Amino acid sequence: MGAITLRAPAKINLTLDILGKRPDGYHDMRMVMQAVSLGDTVTVSEAGEGFSLSAEGIDLPAGKVTLEQQAAEAFFRALNRPMPGLRVLLEKRVPAYAGLGGGSADAAAVLRCLRRLYAPELPREALEEIGLSVGSDVPFCVRGGTCLAEGRGEILTDLPPLPDCAIILCKPNFGLPTPELFRRVDGADLGTRPDPAAMGAALERGELSSAAACLGNVFERVLTEQEGAEIRSIKDLLLRGGALGAAMSGSGPTVYGLFDHPDRAAQALELLKGRYRETYLAHPVKKFSQAE
Ligand code: C5P
């Protein structure tokens, strides 16, 4: 058995709305997700016994079953086969706990690698279903590209891609734990909601500026004074630097801006990098093929 290496693109939420809390404790979502070129690289090979994970660029959490291991175990459970010894190597570039789905993307890439190694005929839908048992954003990360995501995030409808553009991603240096943000949403007045239909129509027309005008994330409405001030200040810097639109991604705190001018994006990247170490330039990426 050889080794397979695949990229694990991060995602941004072009729109994110929360429709309500469900009896199972999760929330019903409606979001437009876009895969981006900022990503990790994941290599899976059959080796030794048990499951081992190593990473360049980060310290792995000790004493926890990682999402990568959960993904591998769920994969072989679904295939009704014993799990062979596996070695997973991550090259980390996506910041963790950033609203960019980095952990979900890595788990999804493990699933895609395992499909290549052990079950090349397994349909994407089956892989997405296995992904949902690992996390709500994993099904989208299995598919990639541009999707409307509903339910917990697993009911996916393909959308036309975001027109090519420069995306500046900027993560301020504070954490916004996802479960805590969902708790703040319960019972809160979320105000005007983002309009995913308008976003879909803008994508259909291939109009970047119309898409940029539809960005929105209801998690921005439940930030504390201090958190909100920092998110707004990054958005201002992006917009004053020429972004057509800017929003927080997922449960934050990463803020991104969409640029149609590469030069303006390059300038904004330099400016923001001077203030925020974790600032990146990326582009939209397309849906994976079955072989990826
Ligand atoms: O599915 P995942 O494990 O990534 O979710 C992490 C946490 O985020 C959940 O425990 C839950 O608190 C919250 N969540 C939610 N509704 C969703 C997705 C996540 O309440 N649709």
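As the structure is a prediction and not an experimental result, all values here were calculated from the model. All values below were derived from every heavy atom in this structure, side-chain atoms included, with hydrogens, water molecules and symmetry-related copies excluded. In listed order, ligands and their atoms are each counted from 1.
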Salt bridge (Lys or Arg N to Asp or Glu O under 4.0 Å) partners of residues 95-119, not counting sequence neighbours, each pair once: Lys92-Asp106
For ligand 1, the residues whose heavy atoms come within less than 4.0 Å (ordered by chain, then number): Gly25, Tyr26, His27, Met29, Gly135, Ser136, Arg152, Thr178, Pro179, Phe182
Any salt bridge between Arg87 and Glu46, counting N to O under 4.0 Å? no
Would you tabulate the side-chain donor-acceptor contacts of residues 252-262 under 3.5 Å, counting partners in other chains and residues two or more places apart, or write 'none'?
residue : atom : partner : partner atom : Å
Thr254  : OG1  : Ala98   : O            : 2.7
Tyr256  : OH   : Asn13   : O            : 2.7

With a 4.0 Å cut-off, would you call Glu230 and Lys235 a salt bridge? no
Under 3.5 Å donor-acceptor pairs involving side-chain atoms of residues 67-76, not counting sequence neighbours:
residue : atom : partner : partner atom : Å
Gln69   : NE2  : Glu73   : OE2          : 2.9
Gln70   : NE2  : Val65   : O            : 3.3

Sidechain N-carboxylate O distance under 4.0 Å for Asp158, Lys287: yes
